[in-house]
Structures are given as C-alpha cells and as structure tokens.
Amino acid sequence: MIIKIKRDASLEAVQRVLDFIKQEGFDLKDVSSDRVKIFGVIGDTSKLEARDFYAFEAVAEVIRIQSPYKKASREFQSNDTLIDLGDGVVIGGDQHVLMIGPCSVENEAQMMQVGAFLQRHNLKILRGGAFKPRTSPYAFQGMGEEGLKLMRRVADRYGLKVISEVPSVSAIALFEKYVDIIQVGARNMQNFHLLKALGQSRKPIFLKRGLSATIEEWLMSAEYIMHGGNDQVILCERGIRTFETYTRNTLDISAVLAVRELSHLPVIVDPSHASGRYKMIDPLAQAALAVGAHGQMIEIHPEPEKALSDGAQSLTLERFERLLEHLKPLADVLGKRLT
Ligand code: PEP
Ligand code: MN
C-alpha cells in the first residue's frame with residue numbers, strides 16, 4: 001500500500017499517520033522525492049482498509065498494491081483449486097461440468113424425468129431450487145424441505161450430485177443433510193453472516209455473483225467463506241445489472257477471464273439467469289466454454305410454459321440436447337471433457 005502525503009501537511013499530522021501504521025504492526029519505507037512525500041506500507045495489508053486513511057488530515061491519496069483478499073487470490077495459491085465431488089466429478093480441472101435442472105423443484109414426475117434425462121446423457125449434477133428467492137411474496141416460494149428430499153431421492157436413483165440454494169443460516173444443517181454443493185444466491189452474496197456460517201461447513205460452496213457486485217466484492221465474499229475455514233469455493237458469473245433492459249441481466253463474459261487471472265478458484269457461468277431468454281442460452285453456453293469457464297449452470301424444464309418459475313429462460317429437454325451437441329465438438333477442440 002502506498003500513502004501519498006499532502007503537500008501542506010504539518011509534521012505532526014504526518015507523524016500521526018506514521019505512528020498509526022507502526023502501531024498496526026506494519027513497516028514503513030520512505031520513498032519520497034524532493035517534490036512528493038510518499039510512504040510504502042510493508043506487510044499483509046489485506047487487514048487494512050484503504051479508505052480509512054482518509055480520516056487522517058495529512059493523507060492525500062492511498063493506493064492499494066496487494067488485493068484485499070488473500071486466500072482467494074492467485075498470489076496466495078498459483079495452481080487452480082480442484083473440487084472433487086467424488087465418483088470422478090472434479091470441478092476446476094479439464095472437465096467442463098454441467099449443472100442442469102429446473103429453476104424450481106416442483107413435483108416428483110418433473111424431477112424424475114429430469115434425473116433420467118441427465119443420466120441418459122451422462123451428466124452428473126442436478127440443480128433445482130427448493131427455497132426460492134422470489135421478487136414477489138405472492139410468487140411460488142418453493143417446496144422447502146420436501147423439495148430437498150425429493151432431489152436427493154432422484155439424484156440417488158440416477159447417480160447424480162445435487163446443488164441447491166440455501167436461504168439462511170438456520171437452513172444450513174438441512175442442506176448438509178441433502179445436498180452435495182450448497183449454492184449461495186446472487187441476492188445473498190453479501191450476506192456476511194451466511195458466508196461466515198458456510199465457512200464452517202465441509203460442503204463445497206457455489207457462490208453466485210451479486211446483482212451489482214464488482215469482481216473484487218465477489219472475491220471478498222469468497223474470502224469470507226475461506227477465512228472461516230472452507231477452501232472449497234466455486235464462483236458463478238450469472239449476469240450483472242446494467243442499464244440494458246432487453247436481457248434480464250448482462251452476462252459479464254470477461255469476468256471469467258478476470259477471475260481466472262486474479263483467483264485460483266473455479267468459475268462457472270450461468271447463461272440462464274444472465275440472459276433470461278431461452279433462445280440465447282445455446283450461443284452463450286458456447287461462449288462460456290470457449291472463454292474458459294470450468295462449467296455451467298443451465299435451467300431446463302420438461303414444459304417451460306408451465307414452469308412455476310423462470311420458464312422463459314428454461315430450455316426444453318430437446319433444446320438442451322441440441323445445445324449439448326453444439327458444445328461437444330467445441331469441448332473436444334479445447335481439450336475439455338463435458339461432465
Ligand atoms: C437460481 O439459480 O435459481 C437463482 C435464483 O439464481 P440467482 O441467485 O443467480 O438469481
Ligand atoms: Mn431460476
């Protein structure tokens with residue numbers, strides 16, 4: 001961290017800044033020239049908040065060199081994190097892992113049909129929401145615990161893993177019982193109490209990017225979970241809110257590249273929530289694979305017109321089969337294995 005001192009700062013005011021930095025346990029290096037007074041703060045500055053220094057009247061500018069996250073950063077760990085779900089499913093390596101299923105778990109027939117479909121295509125991860133974060137309190141809220149139980153039954157019958165969104169701290173124990181990956185929804189990305197509690201869990205955590213979160217804020221949320229003791233974090237780019245209204249969100253495809261440079265954690269793309277339109281899913285999924293995502297989360301439904309949530313962005317099983325056919329040759333070229 002670099003601290004630039006105001007030209008007209010008094011010696012006492014400068015000393016207050018330097019004393020504070022030393023008290024906090026950091027070393028200082030004076031790198032001033034004749035024209036500007038500058039200090040380098042040496043040590044693990046992830047503990048410092050750059051903005052706080054502006055409380056000192058002598059401080060003109062603070063520039064952060066080291067990222068505020070540590071465990072999530074590529075500097076801390078250079079090799080990619082691999083998340084081994086068992087049965088040969090590994091996220092973060094040469095597999096391109098597809099997490100497929102309806103937005104909401106609705107009933108047994110729907111889930112059995114989807115489960116059998118995934119098995120037929122040799123896909124391994126079943127997604128589905130049992131506690132739905134809906135904008136309206138009048139919209140379908142999900143089947144709750146019954147939904148989780150149903151997903152587990154379907155997954156066990158068809159040899160699948162389960163991912164589902166946890167709504168709150170109090171529900172974590174329930175999720176640990178039924179799911180293989182715990183999803184944190186976009187709206188909960190900065191629910192720090194939830195993130196801390198998930199740091200205590202031994203399940204992998206799927207952290208969706210917040211609706212208006214910067215990449216740094218997203219990685220700071222991953223840091224919360226890792227700081228709590230759980231290193232198994234999977235990032236998910238699911239589109240961000242922009243001024244554009246044609247699509248539900250804007251898929252920030254370059255975020256995949258940014259995150260892969262900044263962090264060692266695996267990153268998944270969700271083209272369904274990013275676009276909100278089923279016609280866009282196939283080409284966006286190809287783009288996500290091409291850009292280097294470690295997998296994707298995609299919503300499908302046997303009858304999207306009758307879906308209780310997100311029908312407009314859900315692919316029919318036939319449309320999803322076509323998408324798979326489009327991904328296969330691309331995966332071959334890239335040396336990735338569709339899982
Ligand atoms: C979901 O995956 O079902 C979901 C609600 O997504 P998001 O949190 O990205 O809106
Ligand atoms: Mn959805």
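The figures that follow rest on heavy atoms only: side chains count, while hydrogens, waters and symmetry mates do not. Just follow the structure's listing: the first ligand is 1, and inside any ligand the first atom is 1.
For ligand 1, the atoms closer than 4.0 angstrom to any heavy atom of Glu165 are 4 (C), 5 (C). Interface of Gln183 with ligand 1, defined as ligand atoms under 4.0 Å from a residue heavy atom, comprises 1 (C), 2 (O). Each of the atoms 7 (P), 8 (O), 10 (O) of ligand 1 lies under 4.0 Å from some heavy atom of Arg187. The ligand atoms of ligand 1 that sit less than 4.0 angstrom from a heavy atom of Lys208 are 1 (C), 2 (O), 4 (C), 6 (O), 7 (P), 8 (O), 9 (O). Listed by number with element, the atoms of ligand 1 under 4.0 Å from a non-hydrogen atom of Gly185 are 8 (O).
The aromatic rings of Phe20 and Phe53 sit perpendicular to each other, their planes meeting at more than 60°, with 30° as the lower class boundary.
At a threshold of 4.0 Å, the pair Asp80-Arg74 counts as salt-bridged, since one of the basic side-chain nitrogens sits closer than that to a carboxylate oxygen. Using a 4.0 Å cut-off between a side-chain N of Lys or Arg and a carboxylate O of Asp or Glu, Asp87 and Lys124 do not qualify as a salt bridge. Taking a cutoff of 4.0 Å between a charged side-chain nitrogen and a carboxylate oxygen, Asp282 and Arg322 do not qualify as a salt bridge. With salt bridges taken as basic N to acidic carboxylate O contacts below 4.0 Å, none links Lys328 and Asp332.
Look at Arg209 and you'll find every heavy atom at least 4.0 Å from all atoms of ligand 1.
A donor-acceptor contact under 3.5 angstrom links the side chains of Asp310 and His273, judged on distance only. Side-chain contact, Glu299 with Ser272: no donor N or O sits under 3.5 Å from an acceptor N or O.
Looking at atom 9 (O) of ligand 1, its nearest protein heavy atom turns out to be Arg238 NE, 2.6 Å. Among protein heavy atoms, atom 8 (O) of ligand 1 sits closest to Ala186 N, 2.8 Å. Ranking the protein heavy atoms by distance from atom 2 (O) of ligand 1 puts Arg127 NH1, 2.7 Å first. When only non-hydrogen protein atoms are considered, atom 4 (C) of ligand 1 lies nearest to His273 NE2, 3.5 Å.
Around the Mn ion (ligand 2), the protein atoms of type N, O or S that sit closer than 2.8 Å are Cys103 SG, His273 NE2, Glu299 OE2, Asp310 OD2.
Surrounding CD of Glu261 are at most 12 heavy atoms belonging to other residues, nucleotides or ligands under 6.0 Å away. The number of heavy atoms from other shown groups lying within 6.0 Å of NE2 (His121) is above 12.
A distance below 6.0 Å separates the ring centres of Phe175 and Phe131.
Between Ile83 and Ile181 the shortest side-chain heavy-atom distance does not fall below 4.5 Å.
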